[in-house]
Amino acid sequence: MSGPYVIRGSVSLPEAELLWRFSRSSGPGGQHVNTSDSQVELRFDLGKTEALPPVWRERALERLAGRLTDGVVSVRASEHRSQWRNREAAAVRLAALLAEATAPPPRPRRTTRVPRRINERRLREKKQRGETKRGRSGRDW
């Protein structure tokens with residue numbers, strides 16, 4: 001592997017907690033595809049990991065609840081012919097997934113009033129549009 005995959009800041013995926021599984025992949029490769037296990041499935045036990053801060057882990061467990069199986073998140077990669085490149089792709093995808101899942105929630109939007117001038121302009125344009133449409137009717141003929 002090309003090194004630690006950073007989730008965010010100084011937190012990265014621990015190599016010891018990654019479970020790899022390989023299988024035959026469909027797709028391009030010709031005769032090569034029938035003989036090599038190039039599809040990669042990467043599993044990471046999110047429920048038991050100590051690599052993530054507790055707040056991040058809880059946030060990720062909540063946000064990825066639909067993707068988890070017994071607290072384990074899995075990612076597959078089979079877009080490349082090479083097992084090595086598929087391993088890289090799966091690890092990068094998992095790191096990106098965890099980075100998104102552990103991100104802090106966005107700040108709530110502060111509600112603001114619509115300015116009077118903008119509201120008046122909107123109503124004026126609506127009235128103008130209605131006049132245009134009324135002018136299209138053929139009742140004056």
For this session: Locate the shortest heavy-atom distance separating Ala89 from Ala77; write the atom from each residue and the value.
Result: CB-CB, 4.2 Å

Exercise. For the residue pair Trp56 and Thr102, what are the closest heavy atoms and their distance?
Worked result: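 Taking every non-hydrogen atom into account, O-CG2, 3.7 Å.
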
Supply the atom-to-atom distance [X] [atom1] to [Y] [atom2], rounded to the nearest 0.5 angstrom.
X     : Y     : atom1 : atom2 : answer
Ser78 : Arg85 : OG    : CZ    : 13.0 Å
Ser38 : Arg87 : OG    : CZ    : 13.0 Å
Phe44 : Leu94 : CZ    : CG    : 7.0 Å

Exercise. Between Leu98 and Leu46, does a side-chain contact (heavy atoms from CB on, under 4.5 Å) hold up when you go through it step by step?
Worked result: CA-CA 9 Å; Leu98 290 175; Leu46 196 54; 3.9 Å; yes

Problem set entry | Val6 reachable from Val92 in the ILVMFWY side-chain graph, under 4.5 Å edges |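 No, because Val92 and Val6 fall into different hydrophobic clusters, even though each may have its own neighbours under 4.5 Å.
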
Only counting residues at least two apart or in another chain, list the ones meeting side chain to side chain donor-acceptor pair (under 3.5 Å) with [X].
X      : value
Asn119 : Arg122
Thr49  : Glu17
Glu131 : Arg134
Arg93  : Glu79

For this session: Output yes when a side-chain donor or acceptor of Ser137 lies under 3.5 Å from a complementary backbone atom of Lys133, and no otherwise.
Result: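 Checking the backbone N and O of Lys133 against the side chain of Ser137, no donor-acceptor pair under 3.5 Å is found.
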
Exercise. Would you say the side-chain atoms of Asn86 pair up with the backbone N or O of His80, donor to acceptor, closer than 3.5 Å?
Worked result: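 Answer holds: yes.
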
Donor-acceptor pairs are to be reported for all side-chain atoms of residues 61-71 against protein atoms at under 3.5 Å, with residues two or more places apart or in another chain.
{"from": "Arg63", "atom 1": "NH1", "to": "Glu100", "atom 2": "O", "distance (Å)": "3.4"}
{"from": "Arg63", "atom 1": "NH1", "to": "Ala101", "atom 2": "O", "distance (Å)": "3.2"}
{"from": "Arg63", "atom 1": "NH1", "to": "Ala103", "atom 2": "O", "distance (Å)": "2.7"}
{"from": "Arg63", "atom 1": "NH2", "to": "Ala103", "atom 2": "O", "distance (Å)": "3.1"}
{"from": "Arg67", "atom 1": "NH2", "to": "Ser74", "atom 2": "O", "distance (Å)": "3.1"}

Problem set entry | Exceeds 12 heavy-atom contacts within 6.0 angstrom, atom CZ of Arg110 |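 Not buried by this count: 12 neighbours or fewer within 6.0 Å.
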
For this session: Report the residues that fulfil salt bridge (charged side-chain N to carboxylate O under 4.0 Å, His left out) with Arg21, sequence neighbours left out, ordered by chain and then residue number.
Result: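 In terms of salt bridge (charged side-chain N to carboxylate O under 4.0 Å, His left out), with neighbours along the sequence ignored, Arg21 is linked to Glu41.
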
Exercise. Arg57: what forms a salt bridge (charged side-chain N to carboxylate O under 4.0 Å, His left out) with it, not counting sequence neighbours?
Worked result: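 If we apply the salt bridge (charged side-chain N to carboxylate O under 4.0 Å, His left out) test to Arg57, skipping adjacent residues, there are no hits.
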
Exercise. Do the side chains of Leu13 and Ile7 get nearer than 4.5 Å, heavy atoms only?
Worked result: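 Yes. Closest side-chain heavy atoms under 4.5 Å.
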
Problem set entry | Pro115 and Arg121, any side-chain heavy atoms less than 4.5 Å apart |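 Side-chain contact under 4.5 Å: no.
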
Suppose we screen for side-chain contact (heavy atoms from CB on, under 4.5 Å). Which residues come up paired with [X], at least two apart in sequence or across chains?
X      : value
Arg109 : Thr111, Thr112
Pro106 : none
Val72  : Arg43, Asp45
Arg107 : none

For this session: Give me the other members of the hydrophobic cluster that Leu19 sits in, counting Ile, Leu, Val, Met, Phe, Trp and Tyr linked by side-chain heavy atoms under 4.5 Å, directly or via other members.
Result: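 Leu19 clusters with nothing; isolated.
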
For this session: Using the side-chain contact (heavy atoms from CB on, under 4.5 Å) rule, take Gln39 and Arg76 through it: C-alpha gap first, then chi angles, then the decisive distance, then the call.
Result: CA-CA 7 Å; Gln39 178 174 303; Arg76 280 192 179 168; 3.7 Å; yes

Exercise. Does the side-chain hydrogen bond (donor to acceptor under 3.5 Å, both in side chains) test come out yes or no for Tyr5 and Glu15, once each step is laid out?
Worked result: CA-CA 9 Å; Tyr5 292 95; Glu15 186 67 38; over 6 Å; no

